[in-house]
Amino acid sequence: YRKPHLTGTVICMIGVILNIFVDYNQDKKLAIEQSTPGFKMSESEITILEEYPDKALGDMLAIVGGMIYGLSSVLAEMAIKE
């Protein structure tokens, strides 16, 4: 693999890490707001909680799926070259 391949991989991994970080912070913020007495959540926040209750699980499954896809691509390339 050459430098562009590694650069692309690093950029993608940074994006994944940022996505997880944003989801974590948003979940933490919503949990704090929910526990605050008298605080009324906006409709968009309620929608996020109702429609996406397992965002962290989704992020982890996406990471695992990407790793399996990458592994299968590398193994297929190795098999073709031999």
(request) Not counting sequence neighbours, which residues clear side-chain contact (heavy atoms from CB on, under 4.5 Å) with L57? List them please. (result) D54, L61
Taking only distance into account, with no hydrogens and no angle test, what donor-acceptor pairs under 3.5 Å do side-chain atoms of residues 7-17 form with protein atoms, sequence neighbours excluded?
{"unit_1": "T7", "atom_1": "OG1", "unit_2": "K3", "atom_2": "O", "d": "2.8"}
{"unit_1": "T9", "atom_1": "OG1", "unit_2": "H5", "atom_2": "O", "d": "2.9"}

(request) Group every Ile, Leu, Val, Met, Phe, Trp and Tyr by side-chain heavy-atom contacts under 4.5 Å, then state whether I68 and M60 land in the same group. (result) no
